[in-house]
Amino acid sequence: MEKCKMLIVDDEKFAIEGIMNCMDWESRGIEAVYAAGSADEARILMQEKPIDILICDIEMPDEDGLSLIRWVKEHYPLTEFVFLTCHSEFTYAKQAVHLGSFDYLLKPVDSEELAQVVERMIDSIHERRELSDYNEKYQKYYALYNKQQPLLVEHFWQDMLSRRILSYGDFLDRALQDAQVALSSGDEVQPILISLEEWTKVLPERDQEILEYAVKKAAEEMLLDGRRGHAVTDRNGFLFVLAYGDHGAGDEDGDGPDGWVQAVERFKEACLSYFYCQISCYIGYRAPLQELPGLCDALKDMERNNVTKPHSVLLYNKAASVAGVMAPASGEPVSTPISEWMSVIASGNRDKVIALIGQHVAKLEQNPNSTPKQLETYLHEFLQVIYHFLYGRGIAVSQIPNFTMWSTAQIRTLAQFRYWAVHLVSAVMDTVFRDKEADGFVQKAIYFMRENVEEDISREDVAAYVNLNPAYLSRLFKKETERNLIDYLIETKVNRAKHLLDSTDMTVSAIAQQVGYSNFSHFTRTFKKYTGVNPQEYRRQS
């Protein structure tokens with residue numbers, strides 16, 4: 001914390017020397033101590049040097065301290081001051097208070113008493129500086145937040161990660177060009193998922209939104225740090241930092257796993273210090289653009305299943321993933337009965353479906369007699385599986401984003417087929433299962449909160465009940481209900497308290513404990529925030 005500068009104004013030289021030498025002011029947080037023997041000399045000094053604390057005698061022959069302080073308040077309103085006087089007349093004290101003096105001390109001044117007053121003044125100055133710094137940052141990000149408009153590049157990545165863009169050949173190159181993204185279809189991207197898990201101080205919802213935006217911009221500045229890339233929030237509210245790389249480039253200049261971990265750890269500390277939030281980060285690997293949607297889905301699964309390591313930095317295990325997805329089963333027939341495909345897709349397990357696609361592509365690659373005609377036949381059979389699956393679920397193909405584009409795409413190679421099949425089946429499963437899954441988790445969370453309304457439960461308790469990461473559950477809850485999970489939990493408790501106030505003669509303090517509040521004052525403030533009146537007034541009115 002920056003130290004303060006102090007000025008002593010007194011026409012008695014020995015009084016100045018006594019104050020300057022009575023204490024080790026540097027150890028008390030004073031960087032420099034200056035002296036002036038008159039009001040005019042004090043004005044000249046203050047115009048030359050920034051003075052934080054002014055100790056001023058009231059009775060001086062040429063001009064009294066009260067007149068000097070009026071000038072100081074006009075020109076340097078942030079300077080704190082304290083008066084010294086040999087007299088204890090009420091008139092002086094009254095004028096000192098009116099001017100806003102921090103204190104009013106009688107000569108001869110007790111050194112320890114003066115030191116305590118100066119320490120309180122320093123605390124007040126530091127508090128004001130912190131508030132000023134926060135307001136400056138807040139206003140900066142608030143202005144950016146209000147001016148921010150949807151960007152082409154943001155829309156491109158949202159479409160890319162939700163598989164609304166055909167991610168191979170000319171299709172991808174044209175989309176990159178239209179969005180003015182400086183990449184080609186052969187380049188690679190390093191994704192990092194940033195999960196904002198909890199706020200470390202109570203903030204209004206608008207301030208949370210502004211600080212979430214600040215976290216996003218800070219992530220772009222700190223994690224990319226001169227690299228090409230972009231921070232993007234996908235269509236489901238997940239924040240990714242995407243670092244661009246050229247195809248075949250090595251992991252140099254901090255782009256390897258260790259370098260990313262160190263950079264993310266620094267960013268994590270910055271979020272805690274400046275944005276009042278705890279985060280976890282999930283670091284992927286440098287992947288070709290065609291693999292990026294699947295890798296980002298895997299990072300989201302990591303976050304969703306992370307219920308034991310909050311505030312962590314975790315690396316994605318590429319080797320384990322490749323082994324699971326691409327293990328070929330040589331020697332078996334290529335064709336798979338429709339019933340087996342239906343069973344795997346109906347299970348809702350995306351990894352199993354992708355693994356099955358990988359196995360079939362591997363078998364086709366091992367067959368030297370594969371022809372474009374056979375690939376076309378296999379593609380149509382796969383489409384028939386999708387049609388059968390959707391029909392059985394009562395879902396029209398028009399409900400699948402860009403289904404017409406998928407179903408009419410021209411596939412010429414097995415590599416294209418693999419990406420096409422993975423994208424198509426992911427879009428189908430997202431539509432069929434996501435709403436059902438989200439609704440199930442949200443309803444379980446609501447049930448748990450209502451059943452345990454009289455317990456001292458937290459967001460983490462609710463997340464543990466549904467076996468989800470707390471940040472993931474909060475995001476899911478808000479998306480499905482358009483309400484914050486914590487607000488819903490508090491409202492549930494307040495509604496229970498209202499019922500007890502209406503239907504019982506229990507004391508308010510007993511009701512507070514009944515609904516899980518050990519702090520009576522906290523309960524009263526919370527109740528008034530949500531109802532507009534305190535519990536006693538509510539009981540009288542009802």
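Keep in mind that what you see is a predicted model, and the values were worked out from it rather than measured. Index from 1, following the sequence.
Between Y530 and N495, the side chains place no donor N or O within less than 3.5 Å of an acceptor N or O (distance only, hydrogens not considered). Side-chain polar atoms of D461 and S458 form a donor-acceptor pair below 3.5 angstrom. If you check the side chains of N452 and Y465, you find no donor sitting under 3.5 Å from an acceptor.
Ring geometry, Y276 versus Y134: the interplanar angle falls from 30° to 60°, so the pair is classed tilted. Ring planes of Y419 and H423: perpendicular class, angle over 60° (limits at 30 and 60°). Taking the six-membered ring for Trp and thresholds of 30 and 60 degrees, Y378 and H360 have nearly parallel ring planes, at less than 30 degrees apart.
No option in T492, V494, L489 other than T492 meets the side chain to side chain contact (heavy atoms under 4.5 Å, CB included) test with V453.
A donor-acceptor pair under 3.5 Å links the side-chain atoms of Q190 to the main chain of G284, judged by distance alone. Using modelled atom types, one side-chain atom of N469 and one backbone atom of Y472 make a donor-acceptor pair closer than 3.5 Å. In this structure, the side chain of Q514 does not engage the main chain of E454 through any donor-acceptor pair within 3.5 Å. A donor-acceptor pair under 3.5 Å is formed between the side chain of R227 and the backbone N or O of L224. The backbone N or O of A182 lies less than 3.5 Å from a partner atom in the side chain of R228, making a donor-acceptor pair. Panel note: side chain N402, backbone M405; no donor-acceptor pair is recorded below 3.5 Å. Counting only distance, with no hydrogens or angles, the side chain of S195 and the backbone of E197 share no donor-acceptor pair below 3.5 Å. The main-chain N or O of P310 is never found under 3.5 Å from a side-chain atom of S280 such that the two would form a donor-acceptor pair. Judged by distance alone, with hydrogens and angles left aside, the side-chain atoms of K493 form a donor-acceptor pair with the main-chain N or O of V515 at under 3.5 Å.
Scanning both residues, K309 and L314, for their nearest heavy atoms gives CD-CD2, 4.2 Å. Contact detail for A231 and E154: the closest heavy-atom pair is O-OE1, 3.8 Å.
Distance NE2/H230 to CG/L183: 12.0 Å, rounded to 0.5 Å. To the nearest 0.5 Å, atoms CG (D187) and CG (L176) are separated by 8.5 Å. Note that CD1 of I194 is 10.0 Å distant from SG of C277, once rounded to the nearest 0.5 Å. Atom CZ of F477 is separated from atom CE of M449 by 4.0 Å, given to the nearest 0.5 angstrom. Atom CG of residue D133 and atom CZ of residue R128 lie 12.0 Å apart, to the nearest 0.5 angstrom. Atom OG1 of residue T524 and atom OH of residue Y517 lie 10.5 Å apart, to the nearest 0.5 angstrom.
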Can you give each donor-acceptor pair under 3.5 Å made by side-chain atoms of residues 263-272, sequence neighbours left out, with the distance rounded to 0.1 Å?
| residue | atom | partner | partner atom | Å |
| --- | --- | --- | --- | --- |
| K268 | NZ | H311 | O | 3.1 |

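Residues S184 and D173 are in side-chain contact: their nearest non-hydrogen atoms beyond the backbone lie under 4.5 Å apart. Residues Y285 and E291 meet the side-chain proximity criterion, which asks for heavy atoms closer than 4.5 Å.
Heavy atoms from other residues, nucleotides or ligands lying under 6.0 Å from OH of Y387 number more than 12. With a 6.0 Å radius and a threshold of 12 heavy atoms from other residues, nucleotides or ligands, Y274 has its OH atom at or below the threshold.
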Could you please spell out the steps behind the side chain to side chain contact (heavy atoms under 4.5 Å, CB included) verdict for F382 and I357? CA-CA 10 Å; F382 188 82; I357 292 171; 4.2 Å; yes
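Between K300 and E303 no salt bridge is recorded (no basic side-chain N to carboxylate O distance below 4.0 Å).
Residues satisfying the salt bridge (charged side-chain N to carboxylate O under 4.0 Å, His left out) test with R525, not counting sequence neighbours, are none.
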